[in-house]
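Computed from a predicted model, the values in this text were never measured in an experiment. The sequence lines fix the lettering, A, B, ..., with proteins before strands; numbering per chain opens at 1.
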Amino acid sequence: MEFKIYNSYTRKKEIFIPANPNKVTMYACGPTVYGPGHIGNGRSAIVFDCLARVLRFKFDNLVYARNITDIDDKIINVSKREKVESSVIAKKFTKQYHDDFKKLYVLAPDIEPFATNYIDQMIKFIDNLLKNNSAYLSDSHVLFNVSNFPDYGKLSGRKIEEMKPGARIEVASYKKNPSDFVLWKPSPENEIGWDSPWGRGRPGWHLECSAMIKEHLGETIDIHGGGEDLTFPHHENEIAQSVCCNENNPLARFWVHNGLLRSENTKMSKSLGNFVLMKDLLKEYDGEVIRLAILSSHYRQPLIWSNDLLNQSIKTLDKLYLSIASYDLEIDIEDCNPDEEVLSALYDDLNTPKALAKIFSISKSISKSENKINLVKSLIGSANLIGLLNHRSDDEKFKNNIYDTDEKIQNLIKERKLARDNKDYLESDRIRDILIKLGIKINDK
RNA sequence: GGCCACUUGGCGGAGUGGUUACGCAGCGGCCUGCAAAGCCGUGGACGCCAGUUCGAAUCUGGCAGUGGCCUCCA
């Protein structure tokens with residue numbers, strides 16, 4: 001079965017064939033760690049985690065890298081405010097992201113490069129660009145010379161002439177062309193910086209991805225991903241600098257962008273302040289519920305984040321677990337393979353809503369089937385492929401469930417059964433109410 | 001101003017030129033001491049206007065609405 005994915009660069013769904021089947025390469029832009037991540041960051045991580053899982057299933061030897069931007073003006077600003085080193089801020093929020101991602105069942109990427117570990121590579125990168133006239137020095141900054149790259153704007157579908165310079169941000173005076181972007185900028189004495197041929201300073205935002213991709217994955221990678229909001233200017237700039245640095249080799253064969261989350265009618269974003277933090281959400285909802293909510297819509301569609309969506313996901317997930325409860329203990333996880341229809345949905349541009357529809361229908365068919373175990377295997381195999389149904393009926397997670405081994409609760413259940421046997425329904429219903437208050441659902445039979 | 005995307009039932013959300021998506025919620029029934037779960041059944045949709053076609057929610061054009069981007073963002 002072939003794997004198809006929508007390529008933002010060509011604006012078409014295309015069959016994905018890796019350039020080198022022995023090493024499939026994917027890079028996704030990770031977060032800048034200057035504060036706790038919101039659920040939009042979570043969506044991106046979940047989408048590319050899901051893509052990585054499916055690619056791993058289809059191809060051997062996927063190398064998936066997702067970076068952490070640990071040097072940036074925003075981090076520096078926070079560090080000034082908190083009066084600590086910027087590395088302290090970066091470390092703190094890297095840990096927060098890791099914790100959040102783990103709870104969302106996002107697997108660690110194969111490589112997680114930190115920008116500050118690649119300063120040397122970035123300096124070399126800039127040096128290369130200066131040598132071939134793709135960059136210039138101006139007012140202690142090194143800038144990328146956009147006019148030297150004719151394909152600039154191709155990814156985001158815009159022409160330099162059509163852009164309205166300074167529409168939002170004032171054009172810096174040291175730029176030859178408003179679209180030129182910073183590769184290296186000077187750092188004041190009291191701020192973090194590294195020595196370079198152009199003085200003490202720090203790299204521009206876009207550079208790290210290009211340098212780290214080149215270092216770990218090569219000059220041309222199979223898939224480059226990130227949020228839709230990174231298309232311009234971030235990815236456009238990455239392409240420009242990488243292509244110019246690497247003798248016109250394309251940076252990525254496929255570009256994959258996830259749609260943005262919205263709160264009501266506007267996009268959720270840090271600058272608008274209308275975001276929901278992952279850590280706050282995770283206090284109220286199970287990570288698997290959040291993951292299901294995210295995967296219930298196609299990754300390229302905008303998704304309106306709401307409590308309704310979450311509450312629906314709770315019910316749906318409950319039912320999925322209920323349908324496999326106890327049967328799942330009889331099977332070996334190794335034997336669980338995804339259903340063919342689920343697979344073909346996922347192979348078709350990662351159509352998770354369609355895959356979930358099939359998962360639900362398998363789940364529904366279990367109770368009336370003669371061959372329950374096979375269906376349970378297929379259900380778990382399918383759900384696991386997209387990072388769902390990670391728990392078994394006897395897991396800690398279900399402590400507060402009918403499978404609870406807690407003595408007090410088991411006794412209550414026994415007492416209730418006794419009352420029912422004696423047809424003392426007043427008493428049995430009273431105990432049921434207690435159990436419900438303890439978060440335990442009673443399913444007779 | 002330029003570029004791009006989207007618009008499906010109460011809600012979420014796929015898909016297809018002609019046949020039930022699916023889930024949640026609803027309604028009727030079976031089961032149950034009563035519930036829950038399960039089972040059986042059921043109503044309800046493709047933004048508007050034209051065009052192409054034997055046939056369009058699906059293709060084309062126009063219109064409207066919503067949203068995104070035009071150097072902070074996943």
Could you measure between the two [atom1] atoms, the one in [N] and the one in [M], and give it in whole Å?
N       : M       : atom1 : result
rC48(B) : rG65(B) : C1'   : 10 Å
rA14(B) : rC59(B) : P     : 16 Å
rC27(B) : rG44(B) : C1'   : 11 Å
rG26(B) : rA36(B) : P     : 10 Å
rC72(B) : rU52(B) : C1'   : 47 Å
rG13(B) : rC70(B) : C1'   : 31 Å
rU53(B) : rG47(B) : P     : 23 Å
rG9(B)  : rG15(B) : C1'   : 15 Å

| task | State whether the number of non-hydrogen atoms from other residues, nucleotides or ligands found under 6.0 Å of K372(A) atom NZ is greater than 12. | result | yes
Which of these nucleotides, [options], is closest to any side-chain atom of [X]?
X       : options                   : value
K315(A) : rU66(B), rA74(B), rA25(B) : rA25(B)
R262(A) : rA74(B), rG12(B), rU66(B) : rU66(B)
K354(A) : rA25(B), rC34(B), rA14(B) : rA14(B)
S296(A) : rG23(B), rG12(B), rC4(B)  : rG12(B)
P353(A) : rA14(B), rG23(B), rA74(B) : rA14(B)
R420(A) : rC40(B), rC22(B), rC34(B) : rC34(B)

Does [X] reach a base, just sugar-phosphate, or nothing at all? Heavy atoms under 4.0 Å.
X       : result
R432(A) : base
S367(A) : sugar-phosphate
K423(A) : nothing
Q301(A) : sugar-phosphate
I366(A) : nothing
S428(A) : base
D180(A) : base
D429(A) : base

Using a strict 4.0 Å threshold on nitrogen-to-oxygen distance, state whether [X] and [Y] make a salt bridge.
X       : Y       : answer
D349(A) : K4(A)   : no
D318(A) : K315(A) : no
R430(A) : E427(A) : yes

| How about Y9(A) and H235(A): are their ring centres within less than 6.0 Å of each other? | no
| rG33(B) base stacked by Y425(A)? Criteria: ring centres under 5.5 Å, plane angle under 30°. | yes
| query | Between L356(A) (CG) and rA21(B) (P), how many Å, whole number? | reply | 19 Å
